[in-house]
Structure formats: structure tokens, C-alpha cells
Asks: 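Below you'll find the structure I mean.
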Amino acid sequence: MSDDRGAEMAISAPGVQASGAAAGYRPERTLRLPVELRRQFARRRTLGVLALMVALPLVLIAALQLGAGEDAGENTRVNLVDVATASGLNFTLFVLFATTGFFLVVVYALFFGDTVASEAQWGALRYTLATPVPRARLLRQKWLAALVLSVGALLVLAGVSVLAGSIAFGFGPIRTPVGVTLAQDEGFLRLAGMLGYLAVHLLVVGTLAFWFSTITDAPLAAVGGAVFTMFVFAILDQVEQLGSLRDWFPTAGEFAWTDLLQTPVQDGDLFRGVVQSLVYAAVFTALGFRHFARRDVTA
């Protein structure tokens, strides 16, 4: 009887909801996405990554201009670098090809892997939860913020490449290494498809880093662990003796976006790559939420 009476008094107390929370408290209003994005944009690592995204195309343009001299060595392989100076769109494709295997992998791993582990390292995570922000909501907002920053960085890289490349090499259609020409309007549509594919495929390394970020308090361990894991699979992908097993690696379909340069487009590997990437991303994200729900963040 005393327990029931105490519960009734708590419920009827002024300024207290039936759940025991303070009056006016709404979990869905805590840590709104714009607030988290402003926090992340204010960090030096975000500004540094965006600065690199702007600077990299300019550095590559300078390298291509210097490499166009008479003393430049000849390239015996036919690839996107051979037509990189054909137009601004061609240059953008070359930039994407050059950054897919390493640079963009690190960017996604950095934004996703640093977001939770860094605050745990600073000791700020416990105070955020004490605000109080529900754990699942905090993790969801950080996941969404990391996604926005990662995709935003990819779009900045592509946008600067198109603009700077068009100024340096002219506005024109896409000319593929095999001699096929795609009109400029169609080229922009295919470029959009390539960026969409990359945004989805890179979620594999991003969500892997996100999962590691919920396990460790060291951001470098989360980011480095995800990047190292992807590099190991990339190396194993070169072992032909593994046969069809390589098709299930998280690195499978890394360059499937280049199929959009074909006429007609071969979408088999593209579809498989998107589905497989989403499955990996869902599994890694679920593991991250599961571990964070049981994690002791007060120690």
C-alpha cells in the first residue's frame, strides 16, 4: 500500500509527468539534427576535410598541367587519366576514380568513427545523456549528422571538380577511354548516378567505423580500425584463388559506378553493389546501436 501511495504522490506532484519525467520534457525534442550539425561543422576536423575537398581538385589540375609537358612519361594503360583533360566532366570522373579507393574511404570513416568516440574520450558523452537525451536518439542523430557531412564532402569534391575542371579544360561532353562520347546533359545525369552509388557504397566503411566508435573511446582506433579492415579486404580481393567468395567482400563493387560509362548501361553490378552495401550498413549500424544500448558511459 505504501508503494502505491508513493507512486500516486509522484504522479500527482506538480511539474512531474506520469512517466516520472519533468513537465514539458519531450524526448523527440532533444538534440535536434540542426544542433548536432552546427556542433560538427564547428569542429576543426570538419573544416579541414572540406578544405581538402576543395584543394584536391586544384592540386590534380596542376599535376595534369605539369604532366602535359614534352618531358612527361607516357602512360601505357588506357584508363580515365588518359581522357582526364578532355572536359570538366572527364576531369571529375578522374578525380572520383583517384579518390574512391583511399581518400573517400578515410573521409567516411573519419566522420562516422569520430562522432561518438571523440565525445566519449572528452567525457562529454555522459553529460549529453544526462541532459537527458535518450541513447537511441543520441546515436541516431549522430549517425544522421555523420551521413550529412560525408555526403556533403563528396558533393563538394564533385562540385569543385566540375567547376575547376570546366574552367581549366572547357565545358564539354564525356569522352570515355574507349572512344564513346556522352552528351553533356546525359553526362551530368550519369555523374549524379555515380555520386549516388558512391554515397551508398561508402556507407559500408562509414557504418563499420560507427560501430567501432561505440566500442572504443579512442577515435583513432575507430577510424583506423575501419580503414584497416577495408584495406585487408581490398588486398584479399586480389587473391584470385578465393573465387566467387570475393563477391561477398565489403569492398566488392567498389568501382562498379564506372559501368555507368557504358552504352547501354550494364546495371547488374550496380544493383548488386547497392543492395550488398545497404545490407552491410544495416548490420553494422544495428551492431552499433546494440552495443551502445548496453554500454557503461558513466565510467
Asks: Could you measure the distance from the CG atom of Leu242 to the CG atom of Asp237? Nearest 0.5 Å is fine.
Replies: 8.5 Å
Asks: State the CG-CG distance between Leu104 and Leu157, to the nearest 0.5 angstrom.
Replies: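 These two atoms lie 6.0 Å from each other.
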Asks: Given side chains that start at C-beta, do those of Leu203 and Tyr280 come closer than 4.5 Å, heavy atoms only?
Replies: no
Asks: Do the non-hydrogen side-chain atoms of Leu60 and Phe91 ever get within less than 4.5 Å of each other?
Replies: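 Yes - at least one pair of side-chain heavy atoms lies under 4.5 Å apart.
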Asks: About how many Å separate CG of Leu144 and CG of Leu37, when rounded to the nearest 0.5 Å?
Replies: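 Rounded to the nearest 0.5 Å, the CG-CG separation comes to 8.5 Å.
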Asks: Give a yes or no on whether Phe231 atom CZ has more than 12 heavy-atom contacts from other residues, nucleotides or ligands under 6.0 Å away.
Replies: yes
Asks: Please report the shortest heavy-atom distance between Arg140 and Phe289, naming the atom on each side.
Replies: N-CZ, 3.7 Å
Asks: Side chains of Asn90 and Ser87: do they bring a donor and an acceptor to under 3.5 Å?
Replies: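 A pair is found: one side chain offers a donor N or O, the other an acceptor, under 3.5 Å apart.
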Asks: Taking the ring of Phe284 and the ring of Phe212, is the distance between their centroids below 6.0 Å?
Replies: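 No, the ring of Phe212 stays outside the 6.0 Å limit from the ring of Phe284, centre to centre.
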Asks: With clusters defined by side-chain heavy atoms of hydrophobic residues (ILVMFWY) lying less than 4.5 Å apart, directly or transitively, does Leu50 cluster with Val107?
Replies: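 Yes.
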Asks: Where does the angle between the aromatic ring planes of Tyr197 and His201 fall among parallel (under 30°), tilted (30 to 60°) and perpendicular (over 60°)?
Replies: parallel
Asks: Side chains of Leu191 and Val162: does their closest heavy-atom pair fall under 4.5 Å?
Replies: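 A side-chain contact exists here, since the closest heavy-atom pair is under 4.5 Å.
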Asks: Would you mind reporting whether Trp211 and Thr207 have side-chain heavy atoms less than 4.5 Å apart?
Replies: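 When only atoms from C-beta onward are counted, Trp211 and Thr207 do not touch, as no gap falls below 4.5 Å.
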Asks: Taking C-beta and beyond as the side chain, do Leu261 and Met194 meet within less than 4.5 Å on heavy atoms?
Replies: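 Yes, at least one pair of side-chain atoms sits under 4.5 Å.
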Asks: Return the minimal non-hydrogen interatomic distance between Ala199 and Val151, and the atom names on each side.
Replies: CB-CG2, 4.2 Å
Asks: Can you tell me if Gln40 uses its side chain to pair, donor with acceptor, with the backbone of Lys142 under 3.5 Å?
Replies: no
Asks: With rounding to the nearest 0.5 angstrom, report the CG to OG1 distance, Leu182 to Thr263.
Replies: 5.0 Å
Asks: What pair of heavy atoms forms the shortest contact from Leu58 to Ala164, and how long is it?
Replies: CD2-CB, 3.9 Å
Asks: Answer yes or no: is there a side-chain heavy-atom contact under 4.5 Å between Ser277 and Val200?
Replies: yes
Asks: Looking at Val83, Leu64, Thr99, which one forms a side chain to side chain contact (heavy atoms under 4.5 Å, CB included) with Phe94?
Replies: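 Going through Val83, Leu64, Thr99 one by one, the side chain to side chain contact (heavy atoms under 4.5 Å, CB included) with Phe94 is satisfied by Leu64 alone.
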Asks: Would you find a donor on one side and an acceptor on the other, under 3.5 Å apart, between the side chain of Arg45 and the backbone of Asp114?
Replies: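 It does not hold such a pair.
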Asks: So which atom in Phe292 and which in Val116 form the shortest heavy-atom distance, rounded to 0.1 Å?
Replies: CE1-CG1, 4.2 Å
Asks: Whether the side chain of Thr92 engages the backbone of Gly88 through a donor-acceptor N/O pair (distance < 3.5 Å, no angle test) should be reported.
Replies: yes
Asks: Do the ring planes of Phe255 and Trp257 sit parallel (below 30°), tilted (30 to 60°) or perpendicular (above 60°)?
Replies: tilted
Asks: For residues Leu270 and Ala256, report the shortest heavy-atom separation together with the two atoms involved.
Replies: CD2-O, 3.2 Å
Asks: Is there a path of hydrophobic side-chain contacts, each under 4.5 Å between heavy atoms of I/L/V/M/F/W/Y residues, joining Phe103 to Val54?
Replies: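 Val54 clusters together with Phe103.
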Asks: Do the two ring centres, one from Trp143 and one from Phe112, sit under 6.0 Å apart?
Replies: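 So the answer is yes for these two rings.
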Asks: With distance as the sole test, does Gln184 use its side chain to make a donor-acceptor pair with the main-chain N or O of Leu89 at under 3.5 Å?
Replies: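 No, Gln184 side chain to Leu89 backbone: no donor-acceptor pair under 3.5 Å.
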Asks: Between Phe169 and Gln65, is any pair of side-chain heavy atoms under 4.5 Å apart?
Replies: yes
Asks: Applying side-chain contact (heavy atoms from CB on, under 4.5 Å), run through Val160 and Met53 and close with a yes or a no.
Replies: CA-CA 8 Å; Val160 174; Met53 290 297 183; over 6 Å; no
Asks: When rounded to the nearest 0.5 angstrom, what is the spacing between CG in Leu93 and OG1 in Thr258?
Replies: 10.0 Å
Asks: side-chain hydrogen bond (donor to acceptor under 3.5 Å, both in side chains): which pairs involve residues 154-180, sequence neighbours left out?
Replies: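 For residues 154-180: none.
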Asks: According to a 4.5 Å side-chain heavy-atom criterion applied to Ile, Leu, Val, Met, Phe, Trp and Tyr, with indirect links allowed, do Val274 and Val205 form part of one hydrophobic cluster?
Replies: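 Looking at the clustering, Val205 is in the same group as Val274.
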Asks: Heavy-atom count around Leu245 CG within 6.0 Å, excluding the residue itself: above 12?
Replies: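 Atom CG in Leu245 is packed in, count exceeds 12.
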Asks: To the closest 0.5 Å, what do you measure between OG1 (Thr115) and CZ (Arg39)?
Replies: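 So the OG1 of Thr115 and the CZ of Arg39 are separated by 8.0 Å.
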Asks: Please find the pair of heavy atoms, one from Thr251 and one from Met230, that lie closest to each other, and give the distance.
Replies: CG2-O, 3.4 Å
Asks: Hey, does Leu154 have a side-chain heavy atom less than 4.5 Å from the side chain of Leu96?
Replies: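 They are in side-chain contact.
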Asks: With the 4.5 Å side-chain cut-off for hydrophobic clustering, are Leu52 and Phe41 part of the same group?
Replies: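 Hydrophobic grouping puts Leu52 with Phe41.
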Asks: Honestly curious: do Leu147 and Leu155 fall in one hydrophobic cluster under the side-chain, below-4.5 Å linking rule?
Replies: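 Same hydrophobic cluster.
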